[in-house]
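Notes to accompany the following structure.
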Amino acid sequence: MNQNDPSQFDAAKSDVQRKTLEQRDQIDELARLRHSCAHILATAVLRLWPDAQLDIGPWTDEGFYYDFDLQHRFTPDDFPKIEEEMRKITKENQVFEKSIKTRDEARAHFEAKGQRFKLERLADIPEGEAISFFQNGEFVDLCAGPHVMRTGNVKPGAIKLLRVASAYFRGNEKNPQLQRLYGTAFKTKDDLENWIKLQEEAKKRDHRRIGAEMGLFAFDSDYVGPGLALWLPKGGVLVEELERLAKETEFQAGYVRVRTPHLAKEKMYKTSGHLPYYAESMFPPMELAEDGAPAATEAAPAGAPPRHVERYYLKAMNCPHHHRIFAAEPRSYRDLPLRLAEYGTCYRYEQSGELFGLMRVRSMNMNDAHIYCTAEQFAEEFRAVNEMYLKYFRIFGLDRYQMRFSTHDPSRLGQKFVNEPELWKKTEDMVRQVLIESGINYIEVPNEAAFYGPKIDVQVWSAIGREFTIATNQVDFAVPARFGLTYRDRDNTEKTPLCIHRAPLGTHERFIGFLIEHYAGNFPLWLAPQQVRVLTIGEEQPLLDYAKGIVQELRSQFVRVEGDFGSNPIKAKIADAEKARVHTMLVIGLRDLEAGVVSVRLHSKGPQGARPKAEAIAGIVSDIRERR
RNA sequence: GCCGGUGUAGCUCAGUGGCAGAGCAACGGUUUCGUAAACCGUAGGUCGUCGGUUCAAUCCCGACCACCGGCUCCA
């Protein structure tokens, strides 16, 4: 697929801004409170820094923010002072008063105050729409509302400034950067304190932290490079298990596996249409002279004839390679659908500030496949792909997800979208039909399709509230033609196949990053890097023999097992195993040896009692096989 | 890429313009312990990198790198 590492998650945020005045009246109480806090914040900042230029101050899922432009650079040291002023304002119990102004009045107001951003915001309001203002105390703001009745409705102890950040005016990087103050507020002080505790819990679930604690992955920006993850042995287990799951699932769904190199000639990406548009997101090319010598290091002798230079690019997506596999042999309609699968490694030069743990990296392994099919086969193939998504979600206990169905905008055919109005309509109808029939929860987003066809992105929320696109499923009715891909149809004519790009498990990097937070590192048995540890109480020889036998038996059944036969007290061994998040601990002493049992303890679930040895082993093996 | 913050042992963090510190982990002993931490000892560092100020810089100044929080971007 080609838009893998997907996360168009911010689009929804701006929806908040687009709500009409009527819709805004229905905004819930917490949002009103927070929006009012944004005004209180602006009031406080103006009192402390009267020269501040104001932009806007909406509420967010987490709280609120307000954007300012001023000489003074905010630092967290300013927070107590600002918070103090905000508390004062709540105690002044100012009324939020709404008024409607004419456009001229509004303009005159902001011109008098010298608020240039506000004048631009004013110009955004469509003709004919009411221009409303809210005033609390001395502070007047252009604002659609809604607000609480009085500043006193906000409890002084339930406000907290969180951080200072910067943001481009109107979110455009060509515009000036403003200083954004983020804060949050709750109905009560208890709610706020509770939220702070939850934030601390969330920090402990951060995949970067757990990844280091458990020895799953590492970054070595000195020697390897930023955004290039190293999988340590325990993280490698997660990679292998996911790949095994994908391979089994895809095998049963009739996929065939291929393998392709990590780079290709420039011509590949010119043909696919990715160059020159996306060259900036790719690593710079390697340039080779005709004879294979590195072009850049050769100082050309004066008068030497120019040498032919070939450019190779690290691949940022797998589809072109798969297209060339399709092209490698003559194809008949009898070969379709052809489902080419590969865990392909792609490289994308993400901007430095965009890198984020495993979630946003520069090298990634994609659960990719391209399904080449006829128009008649399309609906069935697309449905099967969706079912595969749902199967995976069940396995991972993933119930909070949303599918975003991105469609084209007919007015931009031939520009943003390939000019095939009938194909667009046809494929979009088919996709919509499949979604409705499967009873899947989805939203439709116009104008966000890929240039070559409609797509579905799957958004998930990790346990700590991070939202991102984990998977994608795209229809492509354009690029196969650019590569001249055809099959010979029943009627003996050459036809161009449709192509479905799909990556239900996204990339290893992001998917595992997500799973780490989803499970808080407490993986189910089948995924756990350390599935079983045998802990001995005492060092008598018969006991050690018994314990070693158990390890041997489990290992022969491919269970990831290790023994802790050292001299530490059992309490210490258990503490070690718990800290390492070993899924199942088998604690054995002489008592167990005599009874032929093992004492089972599950990570973070405590002791489970004794079970006959053979039964315990069989249970572990079957749980793993059934991916529990 | 942009704005701001941070960078001291494997990890969590103290600290000072004049010989670099703790806890945990590691390693070596002692301990033989029944479900989250027995005891003693040892070792561990170019204080992110480079440059400047200074008799002297981990500390002050500058640049760079990396990471963190945002913004932008994400085929």
Side-chain angles (χ1 to χ4, degrees), chain A residues 1-10 65 67 73-77 162-182 203 206 208-209 212-213 215 218-222 225-227 269 272-275 277-282 315-320 346 348-357 359-362 450-452 455 457 468-469 472 474 476 479 501 510 535-540 543 566-580 585-592 599-610:
Chain A
M1 70 166 200
N2 78 28
Q3 156 194 351
N4 81 344
D5 199 4
S7 54
Q8 295 79 5
F9 52 80
D10 279 327
Y65 64 83
D67 286 347
R73 313 300 304 183
F74 289 128
T75 75
D77 296 339
L162 298 175
R163 54 186 161 261
V164 52
S166 89
Y168 299 104
F169 177 58
R170 286 188 203 282
N172 184 332
E173 65 181 323
K174 295 191 174 64
N175 287 339
Q177 277 194 316
L178 308 174
Q179 298 190 67
R180 174 172 296 178
L181 289 174
Y182 278 96
K203 259 190 212 160
D206 188 302
R208 292 166 295 188
R209 179 179 175 141
E213 279 170 11
F219 287 95
D220 180 349
S221 20
D222 275 358
Y269 303 107
S272 71
H274 290 108
L275 280 177
Y277 308 111
Y278 305 112
E280 279 203 356
S281 309
M282 297 173 76
K315 65 180 175 184
M317 66 292 295
N318 300 302
C319 26
C346 297
R348 297 181 183 194
Y349 194 77
E350 306 288 358
Q351 294 188 64
S352 58
E354 293 163 348
L355 300 175
F356 178 71
M359 302 298 197
R360 193 80 180 272
V361 290
R362 285 181 175 161
F451 74 91
Y452 46 69
K455 66 178 184 182
D457 294 318
F468 44 88
T469 305
T472 186
Q474 310 178 1
D476 182 346
V479 180
H501 308 239
R510 182 170 285 187
L535 318 176
T536 49
I537 308 170
E539 288 180 286
E540 292 80 1
L543 183 62
S567 64
N568 278 336
I570 189 63
K571 277 175 183 282
K573 291 185 185 182
I574 285 171
D576 279 350
E578 288 283 354
K579 242 172 44 185
M585 286 152 269
L586 302 180
V587 180
I588 55 173
L590 287 169
R591 257 169 22 210
D592 304 282
S599 297
V600 179
R601 181 188 170 104
L602 296 180
H603 169 55
S604 68
K605 294 202 179 82
Q608 308 290 306

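By convention in this document, chain letters (A, B, ...) are assigned in the order of the sequence lines, proteins followed by strands, and residues within each chain are numbered from 1.
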- Query: Which part of the nucleic acid, if any, lies within reach of A/Gly589 when heavy atoms closer than 4.0 Å are counted: base, sugar-phosphate only, or nothing?
  - Reply: base

- Note on the structure: B/S/- along nucleotides 38-45 of chain B (protein heavy atoms under 4.0 Å) is B-------

- Message: In whole Å, measure the gap between the P atoms of B/rC19 and B/rC59 for me.
- Response: 14 Å

- Query: Looking only at side-chain N and O atoms, does A/Arg208 come under 4.0 Å of OP1 or OP2 in B/rG69?
  - Reply: yes

- Message: Any donor-acceptor pair, under 3.5 Å, between the side chain of A/Tyr349 and the base of B/rG1, if you only look at N and O atoms?
- Response: no

- Message: Suppose we call a contact any N or O donor and acceptor under 3.5 Å apart; does that hold for the side chain of A/Gln177 and the base of B/rC2?
- Response: yes

- Message: Heavy atoms from C-beta onward define the side chain here; which of B/rA36, B/rA66, B/rA75 lies closest to that of A/Pro226?
- Response: B/rA66

- Task: Whole angstrom is fine here: how far is it from CZ in A/Arg510 over to P in B/rC74?
- Result: 13 Å

- Task: With heavy atoms under 4.0 Å as the rule, sort A/Arg591 into base, sugar-phosphate or nothing.
- Result: base

- Tell me what A/Ser352 touches on the nucleic acid: a base, only sugar-phosphate, or nothing, going by heavy atoms under 4.0 Å. base

- Message: What's the closest nucleotide to the side chain of A/Ser599 if the choices are B/rG34, B/rA36, B/rA37?
- Response: B/rG34

- Note on the structure: To the nearest angstrom, the NZ-C1' distance between A/Lys579 and B/rC24 comes to 7 Å

- Message: Checking contacts here: which listed nucleotide (B/rA75, B/rC33, B/rU72) is nearest the side-chain heavy atoms of A/Gln351?
- Response: B/rU72

- Query: Picking from B/rC74, B/rU32, B/rC71, which would you name as closest to the side chain of A/Arg360?
  - Reply: B/rC74

- Could you check which of B/rG1, B/rG34, B/rG69 has an atom nearest any side-chain atom of A/Ile537? B/rG34

- Message: Counting C-beta onward and ignoring hydrogens, is there a side-chain heavy-atom pair between A/Leu181 and A/Tyr65 closer than 4.5 Å?
- Response: no

- Between B/rC3, B/rC73, B/rG69, which nucleotide gets closest to the side-chain atoms of A/Ser166? B/rC3

- So what does A/Met585 hit on the nucleic acid, given a heavy-atom distance under 4.0 Å: a base, only sugar-phosphate, or nothing? nothing

- Query: Applying the side-chain contact (heavy atoms from CB on, under 4.5 Å) test to A/Ile570, which of A/Ile588, A/Ile537, A/Thr536 qualifies?
  - Reply: A/Ile537

- Do the side-chain N and O atoms of A/Ser166 and A/Gln179 include a donor-acceptor pair separated by under 3.5 angstrom? no

- Candidate nucleotides B/rC71, B/rA37, B/rA75, ranked by approach to the side chain of A/Tyr182 - the nearest: B/rC71

- Query: With respect to the side chain of A/Ser221, which nucleotide from B/rA66, B/rC71, B/rC33 is positioned closest?
  - Reply: B/rA66

- Message: Categorize A/Ile570 for me: base, sugar-phosphate, or nothing, with a 4.0 angstrom heavy-atom threshold over every strand shown.
- Response: sugar-phosphate

- Query: Rounded to whole angstrom units, what separation is found between the OH atom of A/Tyr65 and the P atom of B/rG69?
  - Reply: 19 Å

- Message: Side chains of A/Arg170 and A/Tyr168: any donor to acceptor distance under 3.5 Å?
- Response: no

- Does the base of B/rG34 carry an N or O that pairs as donor and acceptor with the side chain of A/Asp592 under 3.5 Å? yes

- Task: Find the distance A/Arg180:CZ to B/rG5:C1' and express it as a whole number of Å.
- Result: 17 Å

- Task: State which of B/rA66, B/rG69, B/rC2 makes the closest approach to the side chain of A/Ala165.
- Result: B/rG69

